[in-house]
Structure formats: structure tokens, C-alpha cells
Amino acid sequence: MSLSRRDFIKWASASAALASLGGCATPRGGKTAGRVVVIGGGYSGATAAKYLRLWSPDIDVSLVERNPVFVSCPLSNLVIGGSKSIADLTRGYDTLSDKYGVKRVQGEAVAVDPAKRTVRLADGGILSYDRLIVAPGIDFMFEAVPSLNDAEAQDRILHAWKAGPQTTALRRQLEAMPDGGIYALHIPKVPYRCPPGPYERACQVAHYFKTAKPRSKVLILDANEDVQSKKELFMKAWSDRYKGIVEYRPHSELADVDVKNRIAKLTFEDVKADVLNVVPPQRAGKIADLAGLVTANQRWCEVDFLSFESKAQPNIHVLGDAILAAPAMPKSGHMANQHAKVCAAAVAALLHGQPVFDQPVVTNTCYSFIDDRETVHVASVHRYDPEQKALVTVPGSGGLSGAASEMEGQYAFAWAKNIWSDMLG
Amino acid sequence: MGTSKWLARWMALSALLAMPLWGHAQDVQGRNLAASCAACHGTDGNSAGGMPPLAGQNKGLIVRAMREFRSGSRPATVMHQLAKGYTDAQIETIAGYFAAQGKPSDGGPPYSTY
């Protein structure tokens with residue numbers, strides 16, 4: 001019996017990894033297996049950057065993100081409800097660079113040259129890549145709501161669908177609203193980021209009204225024909241604990257808004273609100289379009305689900321909310337985390353000339369807060385189906401909560417703590 | 001014999017260190033499948049708190065827990081729904097991967113009390 005070449009390689013790579021634990025990145029002067037640039041430091045991009053370095057310390061990874069810190073969209077409805085602050089949802093990127101050797105580039109990617117394999121930044125900087133991971137999240141299609149296609153209007157009629165200043169601004173509008181007022185929330189047609197999010201938001205605002213402004217109303221103007229996620233659980237909350245506060249109106253397609261008078265102009269009626277919150281239709285973040293990755297309905301990016309490589313551009317992978325997901329795969333932070341790991345494994349394999357793992361399994365677990373403590377969940381498991389070339393729901397898997405509970409509320413906070421740790425260090 | 005003793009130590013070290021890293025197909029399969037659990041249970045099963053840690057847990061206990069979640073004999077909020085998404089072979093592979101990781105962190109309650 002002799003030491004095989006494979007064992008020697010394993011030993012050698014383990015030694016290289018140990019060397020990196022001290023905080024140094026790619027072995028200095030050593031040969032890298034390749035350069036990867038990740039655009040976007042959200043649930044998918046940050047996870048991909050971390051896992052690439054975790055699994056393959058010989059890959060050089062740069063993470064381009066315009067924001068100095070990460071602010072989570074999941075849990076941000078609690079800021080609107082008043083039980084959490086933005087600081088509670090904010091985490092730094094330091095561990096990604098200090099512990100995992102991810103090169104942080106704070107800036108904005110403004111162009112991609114797929115032929116030269118370069119990314120250009122707003123400050124003129126150029127990053128070269130062997131493989132590019134584009135994780136841009138969503139942009140809003142303000143042109144679909146003509147009067148909102150204006151920066152000043154967007155400061156008055158808020159979306160609060162990206163956590164940050166808009167979130168706290170919406171909270172301030174609600175605090176300033178007199179008791180007896182109407183908060184109206186418009187939901188776009190699917191697909192949009194976080195299918196249960198608007199209904200959770202309605203619960204959060206109703207919870208605030210119930211305790212602080214009991215004569216006020218929550219009016220849900222849904223462009224869809226029905227509640228898009230956890231329907232029975234949300235309907236039960238609205239009819240029981242928020243009886244007389246929440247009103248749900250399906251088939252409420254928005255044509256435009258009157259910004260000054262806070263009027264939602266629906267197809268057949270005008271609805272005046274004291275606080276009008278419009279979640280506009282969405283598409284993949286702009287850099288995906290600039291890189292030639294948008295292939296579906298001029299909105300989303302189609303990918304190969306074994307690697308998340310773009311169907312339009314070789315060597316470029318797309319993750320998270322920006323992709324055209326397989327049916328039943330929601331645009332969620334948890335899903336984005338799962339995309340990132342399938343992609344990181346595939347990119348590491350491709351850069352090492354190894355076969356890509358062909359039986360990936362991904363999960364989704366999504367909690368929604370009914371008030372400040374109780375949650376409901378939806379969960380699912382998806383495996384790669386070689387015939388459909390898609391991640392399909394495993395028959396019999398997944399499901400919903402039986403009822404809202406505080407125990408699940410505690411798990412929801414633990415979920416956040418763990419997934420933030422899984423993505424950021 | 002001196003050489004084989006050295007070889008055995010070398011290989012043991014190699015197997016120990018290489019498990020979570022770039023290794024052969026079985027390691028990679030376990031690593032990739034187990035990564036789906038990490039969103040809630042922490043990277044490589046090292047819980048950041050509030051969720052049961054899986055790193056370093058006994059393989060047989062993880063397999064048994066998953067089977068009980070699947071059959072409904074073990075109470076759960078979510079795991080009975082997720083456990084049904086994995087085959088027996090996948091559960092074995094995942095449990096083996098977590099068992100080979102470092103000892104459980106102090107981030108959450110012991111698995112057996114979940």
C-alpha cells in the first residue's frame with residue numbers, strides 16, 4: 001500500500017488551508033486556482049464569497065458592494081411595526097475579509113465586459129475575473145407607476161422594499177399619522193421579492209395600530225387575485241386578532257399614484273390614504289441587464305440550476321432574487337443563501353477542472369411575524385431534476401405552520417442570527 | 001513497521017484535515033448537501049445560537065432524529081417538513097459529514113432535547 005496522489009493532494013490542500021486560517025488570504029506568491037468577482041453583498045453574494053473561500057482557499061475572491069454594511073430585508077417589517085430598529089438588522093463585512101480572506105471592494109459595478117472578463121467600477125477601477133458572480137437583487141420598475149418615476153416622489157410615496165432609509169422613513173410616516181387614518185399598501189403582481197412580505201407588513205402595521213392608534217385601518221391593495229403565500233394563516237390573523245383593522249382587496253391593479261394627495265389610482269377606483277406605501281413591480285438589478293444576463297420578459301436572468309451559470313453569458317453566474325426561478329422557488333433570502341452554495345461548489349469545481357455536483361438539494365424556510373413575537377412559516381425542499389433541468393419540489397416535503405406561535409417566533413430570530421452568521425462569518 | 005506507522009499517521013491527519021476542504025467526490029457530496037442545513041444550523045453545523053448545533057454530533061443520532069422527524073414520532077415545528085425532502089442515502093451522507101466536524105459549539109441546546 002502506498003500513499004496515493006489523491007491523499008497527497010488532500011494533505012497539501014489541508015496544509016494550505018491551515019496557512020490561511022491565520023488571516024492571510026490566497027497563499028502569497030502561490031498559484032491561485034482562479035479569480036472570482038462577486039457583485040452584490042446580500043444574502044446570495046456574501047454567502048457565495050464566503051463559501052468559495054471556505055471550500056477553496058486557493059481561489060481569489062473579491063466582493064463588490066456599494067453599501068458599507070449589510071442590512072437585512074428579512075425582519076425589516078418589524079422596524080415598520082416598531083419592535084426592532086435598523087441597527088438590530090445591520091451587520092458588518094469585516095469577518096468576511098479578516099477571517100475568510102474575501103477582498104472587500106466598496107463601490108458600484110457599472111459595466112461588465114464578458115469578452116475581456118472585466119468589471120468596471122463607478123470610480124473607474126477595473127477588476128478582472130475568471131468567473132463572475134452577479135448577485136444584484138432587484139431594481140424597481142418605477143416606469144410602471146408613472147408619477148413615481150421621480151426621485152422626489154419616491155421620497156414621499158415609499159416602497160420600503162429594500163431595508164434601510166426607506167424602512168425607517170415609512171415608520172416615521174406611520175408615527176406621524178393621526179389615529180383614525182388609513183395606511184394603504186399596494187402589492188405588485190407576482191413575481192416580486194419575498195412573496196409573504198407584504199402580508200407580514202400588513203400584520204406589523206395592524207399590530208402597531210391596535211396598540212397605538214386603534215381607530216386606524218390597514219388597506220391591502222393587491223394586484224394579484226389572491227394572497228400569494230401562507231394565505232390561511234394571514235387571513236386568520238386579519239379576521240381574528242386584527243378584526244376591523246385590516247381589509248384585503250384583491251384584483252387591485254395600480255395604474256398610477258397622485259403623489260401630493262396620496263391617492264392610489266386603481267383601474268376602476270381611486271383610493272385615498274394617509275400613508276400610501278407602494279411596492280412597485282421589480283426586475284433583476286441593473287448590472288444584470290448591463291452585463292447582458294436578462295433573458296426572461298426583460299426582467300429576470302435564466303440560469304443553469306446545477307451551477308447558476310447564466311444561459312446567456314458563459315463564465316457569469318447569477319444568484320438570488322435576480323434569477324428566473326423554477327416554479328415554487330420563492331425570491332427569498334433563504335433561497336438566495338442556498339443558490340450561493342450550489343454556485344460556490346460549482347465554481348470551485350470548474351476552476352479546479354472537477355465535475356460539477358449533479359444532485360444538489362436546496363431548502364427554503366421562511367418565517368413571517370404576525371405580531372411582535374409570534375410567527376408562521378412556510379418550508380420546502382427542492383432537488384435537481386435532470387429531465388426538467390430544474391430544482392423541483394420534493395413530493396411530500398415542506399409545509400406550513402399549523403398556527404402562529406411564540407416558539408416559532410423564537411426560531412425566526414434564531415434563523416436570522418444563524419443565516420447572518422452563515423453569510424457574513 | 002516504521003514506514004507503515006508513519007503512513008497511517010499521515011493518512012489519518014490528511015483525512016482529518018481534508019474533510020471540509022477540497023477532497024474526493026464523497027467528501028464534496030456530503031459537504032454540498034450539508035451546506036443546505038447551514039442556513040439555520042450554522043456553517044458546518046456550528047450553530048450561532050438558538051438552533052441545535054450539528055457539528056460533531058453522533059452520526060447515528062442525526063440519522064435517527066431525521067427518521068423520527070419524517071415519521072412524525074419526534075415533535076418539530078419545521079424539521080418534520082424538511083426531513084421529508086431528503087432520501088435515506090442523503091441523510092446518511094449529511095449525518096456523516098456533520099459527525100466528522102469539530103465538537104458541538106455551545107451555541108444552542110443539545111440535539112437530543114430538540
Side-chain angles (χ1 to χ4, degrees), chain A residues 1-3 6-11 13-15 17-18 47 50-51 54-58 334 337-338 341-342 344-345 348-349 352 354-355 357 359-363 365 377 379-383 393-394 396-401 405 407-408 410-411 413-415 417-423, chain B residues 3-4 6-8 10-25 27-53 70 75-87 89-90 93-94 105 107-109:
Chain A
M1 177 181 155
S2 67
L3 186 69
R6 176 195 282 161
D7 283 312
F8 178 75
I9 292 169
K10 282 166 69 178
W11 190 87
S13 66
S15 307
L18 276 184
T47 306
K50 170 177 158 174
Y51 271 77
L54 179 71
W55 286 344
S56 201
D58 59 355
H334 195 113
N337 167 287
Q338 305 277 300
K341 293 165 187 176
V342 174
H352 287 88
Q354 301 276 341
F357 180 51
Q359 296 164 41
V361 178
V362 300
T363 62
T365 306
H377 82 261
S380 54
V381 184
H382 311 256
R383 69 174 173 226
T393 309
V394 180
S397 75
L400 294 147
S401 305
S405 73
M407 181 196 268
E408 288 218 64
Q410 288 166 15
Y411 278 128
F413 288 124
W415 170 88
K417 192 173 179 177
N418 277 279
I419 200 167
W420 296 342
S421 164
D422 193 38
M423 65 186 283
Chain B
T3 308
S4 64
W6 164 241
L7 189 62
W10 193 2
M11 291 188 66
L13 181 68
S14 122
L16 184 72
L17 292 178
M19 188 61 80
L21 302 168
W22 194 255
H24 61 75
D27 294 344
V28 168
Q29 186 175 340
R31 182 199 74 179
N32 291 355
L33 289 172
S36 69
C37 314
C40 293
H41 291 276
T43 305
D44 285 333
N46 290 293
S47 173
M51 294 283 185
R70 223 161 43 182
T77 54
V78 173
M79 279 311 299
H80 59 304
Q81 297 164 349
L82 295 178
K84 289 178 186 136
Y86 294 86
T87 65
Q90 285 167 339
T93 304
I94 290 168
S105 65

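Lettering of chains follows the sequences in order, A, B, ..., and the numbering in each one begins at 1.
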Any chance you could measure [X], atom [atom1], to [Y], atom [atom2], to the nearest 0.5 Å?
{"X": "B:Asn32", "Y": "A:Lys341", "atom1": "CG", "atom2": "NZ", "result": "11.0 Å"}
{"X": "B:Cys40", "Y": "A:Ile419", "atom1": "SG", "atom2": "CD1", "result": "7.0 Å"}
{"X": "A:Tyr411", "Y": "B:Met51", "atom1": "OH", "atom2": "CE", "result": "7.0 Å"}

Polar side-chain atom of B:Gln81 near backbone of A:Leu400 as donor-acceptor pair, under 3.5 Å: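 Yes, because the side chain of B:Gln81 sits within donor-acceptor range (under 3.5 Å) of the backbone of A:Leu400.
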Using non-hydrogen atoms and a 4.5 Å limit, figure out which bit of [X] sits close to chain B: side chain, backbone, both or neither.
{"X": "A:Met407", "value": "side chain"}
{"X": "A:Ser405", "value": "neither"}
{"X": "A:Thr365", "value": "side chain"}
{"X": "A:Phe413", "value": "neither"}

Hey, which of A:Ser421, A:Ala379, A:Gly396, A:Gly399 has the most heavy atom pairs under 4.5 Å with chain B?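 With the most close heavy-atom pairs to chain B, the winner is A:Gly399.
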Among A:Arg383, A:His377, A:Lys417, which has the most heavy-atom pairs under 4.5 Å with chain B?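 Winner by heavy-atom pair count: A:His377.
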For residues [X] and [Y], report the shortest heavy-atom separation together with the two atoms involved.
{"X": "A:Val361", "Y": "B:Gln90", "answer": "CG2-NE2, 3.5 Å"}
{"X": "B:Leu33", "Y": "A:Gln359", "answer": "CD2-O, 3.9 Å"}
{"X": "A:Ala414", "Y": "B:Gly49", "answer": "CB-O, 3.8 Å"}

Quick one about B:Thr43 and A:Lys50 (side-chain donor to acceptor, distance below 3.5 Å, no hydrogens or angles considered), yes or no?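 Short answer, yes.
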Kindly indicate, with the supporting measurements, whether the criterion side-chain contact (heavy atoms from CB on, under 4.5 Å) is fulfilled by A:Trp415 and B:Val78. CA-CA 12 Å; A:Trp415 170 88; B:Val78 173; over 6 Å; no
For each of B:Ser36, B:Gly42, B:Ala39, B:Ala83, tally heavy-atom pairs with chain A at distances under 4.5 Å, and name the one with the top tally.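 Counting heavy-atom pairs under 4.5 Å, the top option is B:Ala39.
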